[in-house]
Amino acid sequence: MLETLIQRMETLAEKCPDKLAVAFKSEGLTYSQLYEKIVDVAGRMKELGVKKGDRVPFSALSKPEMVVLYLAIQYVGGVAVFVDKNATPKSAADIYRDAGAQIFFTDKPMKDQDDVNVYSLRKVYAEKGAREVSYQMPDENELAEMIYTSGTTGRPKGCMLTYKAVHSIWKNTIDGVGMQESDVTLLPLPLNHSFALRVLRSCLYLGATVVLQNGFTFAKEIENNLDRYHCTSIAIVPASVETVSRQMQEMFPDIMGRFHYIEVSAGSLSVEQRKRLTSQLPNTVIHNTWGSSESGGALFLNVTETVKNAPEKIAALGRPLDGIDVITLDPDGNAFQSDKAHPGRMAIRGDMQMSGYWNQPEITAATLKDGWLLTGDMIYEEDGYLY
């Protein structure tokens, strides 16, 4: 069986008990404190009736208590269901009902949603569980998490991720970006999104430090976290690169250049952005990653290295890692050798892919075919790179 995050937290609590695991502003938990809180909250959740296999939605706050709750759910054998912290009461209730949940951990008012059984996230985090709970090792094909995505249908779709898929997602991220145990990663992204979650999981699995931040609204907060925690990396989306650049103005190279590396995902950097960033930040490695809720990060490109050593490939989307297969499909769904003049629909395959959409067999059947995950992206291949 693959090592789970719960096993890893127990190991790290013994290996590096005093190392900072997760922080938000001045609040932080070491690995020993994190594991202790996970066990406490797991005991309290058991008292509240959470049991193996239950889907448990919760507000995905960018705070340490969210990380504890997420892992405590898995400690008791539940399925973590991430809900946008800014979701309307109706949107949150829709996910609760779709998942067939029995309890929702949040501190947001759930006006006119009387059927939703709400319990305070802050309260369950503060309470100490009276019942001791032993951790039961799950099967690698058991459901671990659900990430809801609206896609283009409007109705939320719960991407089902098994323990095997989650393990593969963090392995791909660690290998694709070259993450290290010494990293202190700034994570100013919503924690119900695939990109943020895979970075969070990867940091925790490695025994690195993750610093949470509530978005990019104030670039000053990035500088504050750099000063306070000496962050070595940051996860960011392309649009936020521009927001931060406008806010920092002429200080952008000095501030952002303090990061050893920057991972950009949830969208592709334009060629102009790639040239500008590698010029402005010559001592910072820029990574661009393609991923989705259904696959996690799957295609990786070291933009800095590409600009230096293979500038003709500057526009590439990336390359798949070992263990990830990619093919292009024609309009009839047949695989073919694509090129710039003849692109095709991208299909990928690997241990990281979802097992389907929760309670939506028709959409699942249209998305997963013969072991392949069909994406909505049109690509072509050239010299091992995808575009």
Side-chain angles (χ1 to χ4, degrees), residues 4-6 9 21-22 24 27 29 34 37-111 113 115-129 133 138 143-150 156-161 163 166 187 189-201 204 210 212 214-215 293 358:
T4 67
L5 273 176
I6 300 300
M9 293 307 97
V22 58
F24 173 73
E27 178 187 357
L29 294 173
L34 175 60
K37 288 296 295 183
I38 291 167
V39 175
D40 279 349
V41 173
R44 186 68 186 107
M45 294 180 85
K46 202 74 173 176
E47 292 170 347
L48 291 168
V50 178
K51 59 187 183 301
K52 185 178 177 64
D54 283 357
R55 278 78 57 203
V56 185
F58 56 96
S59 289
L61 306 171
S62 292
K63 293 187 177 181
E65 52 258 46
M66 173 271 177
V67 178
V68 169
L69 188 76
Y70 157 49
L71 294 172
I73 291 167
Q74 293 195 350
Y75 192 100
V76 299
V79 179
V81 180
F82 308 89
V83 178
D84 185 348
K85 66 180 186 291
N86 296 318
T88 64
K90 182 182 183 306
S91 296
D94 285 346
I95 290 175
Y96 175 91
R97 297 183 192 111
D98 185 76
Q102 302 300 316
I103 192 168
F104 177 32
F105 291 96
T106 187
D107 289 290
K108 290 195 68 175
M110 292 294 289
K111 186 179 179 182
Q113 309 299 329
D115 62 317
V116 178
N117 178 26
V118 173
Y119 198 87
S120 167
L121 195 159
R122 282 196 296 265
K123 186 177 179 182
V124 76
Y125 177 74
E127 293 171 334
K128 187 175 177 63
V133 182
L143 186 58
E145 305 174 11
M146 290 206 298
I147 300 175
Y148 271 83
T149 175
S150 60
K157 301 194 299 291
C159 299
M160 298 187 291
L161 297 176
Y163 282 93
V166 170
L187 191 54
L189 300 165
L191 292 179
N192 61 303
H193 286 188
S194 172
F195 178 23
L197 283 171
R198 65 177 176 79
V199 173
L200 173 67
R201 298 190 208 101
L204 293 175
V210 60
L212 303 175
N214 273 323
S293 299
W358 175 258

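Residues take their numbers from the sequence shown, with the count starting at 1.
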So, [X] side chain and [Y] main chain: donor-acceptor pair closer than 3.5 Å or not?
| X | Y | result |
| --- | --- | --- |
| Ser59 | Leu61 | no |
| Lys63 | Glu27 | no |
| Lys85 | Pro190 | no |

Looking at every non-hydrogen atom in both residues, tell me the closest pair between [X] and [Y] and how far apart they are.
| X | Y | result |
| --- | --- | --- |
| Val50 | Ile103 | CG2-CG2, 4.0 Å |
| Val76 | Ala42 | CG1-O, 3.4 Å |
| Ser62 | Leu191 | CA-CD1, 3.9 Å |
| Ile38 | Ala72 | O-CB, 3.7 Å |
| Pro64 | Leu29 | CB-CD1, 4.0 Å |
| Val79 | Gly53 | CG2-O, 4.1 Å |

Could you tell me the separation between the [atom1] atom of [X] and the [atom2] atom of [Y], rounded to the nearest 0.5 Å?
| X | Y | atom1 | atom2 | value |
| --- | --- | --- | --- | --- |
| Leu143 | Trp358 | CG | CH2 | 7.0 Å |
| Asp98 | Lys157 | CG | NZ | 11.5 Å |
| Met110 | Thr106 | CE | OG1 | 7.0 Å |
| Asp94 | Tyr148 | CG | OH | 10.0 Å |
| Arg198 | Leu161 | CZ | CG | 12.5 Å |

Exercise. Please assess Arg97 against Asp115 for the test side chain to side chain contact (heavy atoms under 4.5 Å, CB included), listing each intermediate value before the final yes or no.
Key: CA-CA 9 Å; Arg97 297 183 192 111; Asp115 62 317; 2.8 Å; yes
Self-check item: Working for side chain to side chain contact (heavy atoms under 4.5 Å, CB included), residues Tyr96 and Asn117
Solution: CA-CA 9 Å; Tyr96 175 91; Asn117 178 26; 3.6 Å; yes
Practice problem: Just jot down the salt bridge (charged side-chain N to carboxylate O under 4.0 Å, His left out) partners of Glu145, sequence neighbours excluded, or say none. | Solution: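 Applying salt bridge (charged side-chain N to carboxylate O under 4.0 Å, His left out) to Glu145 gives Arg201.
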Side chain proximity check, [X] to [Y], heavy atoms < 4.5 angstrom:
| X | Y | answer |
| --- | --- | --- |
| Asp84 | Ser91 | no |
| Met45 | Val56 | yes |
| Leu71 | Leu204 | yes |
| Val210 | Val67 | no |

Quiz item: Is the CZ atom of Arg122 crowded by more than 12 outside heavy atoms at less than 6.0 Å?
Solution: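 Open: at most 12 neighbouring heavy atoms sit under 6.0 Å from CZ of Arg122.
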Quiz prompt | Exceeds 12 heavy-atom contacts within 6.0 angstrom, atom CD of Gln113 | solution =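 Atom CD in Gln113 is packed in, count exceeds 12.
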Quiz item: What pairs of residues pass the salt bridge (charged side-chain N to carboxylate O under 4.0 Å, His left out) test when at least one of them lies in residues 47-61, not counting sequence neighbours?
Solution: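 Sorted result for residues 47-61: Arg44-Glu47, Lys51-Asp54, Lys52-Glu142.
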Exercise. Start with the C-alpha gap between Ile147 and Leu197, add the side-chain angles, then the distance that decides, and say whether side chain to side chain contact (heavy atoms under 4.5 Å, CB included) holds.
Key: CA-CA 10 Å; Ile147 300 175; Leu197 283 171; 3.8 Å; yes
Practice problem: Give the intermediate values and the outcome of side chain to side chain contact (heavy atoms under 4.5 Å, CB included) for residues Val39 and Tyr75. | Solution: CA-CA 8 Å; Val39 175; Tyr75 192 100; 4.0 Å; yes
Quiz item: What do you reckon, are the aromatic ring centroids of Tyr70 and Phe82 less than 6.0 Å apart?
Solution: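 That pair passes the under 6.0 Å test.
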Exercise. Could you tell me if the ring centre of Phe58 sits under 6.0 Å from that of Phe104?
Key: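 No.
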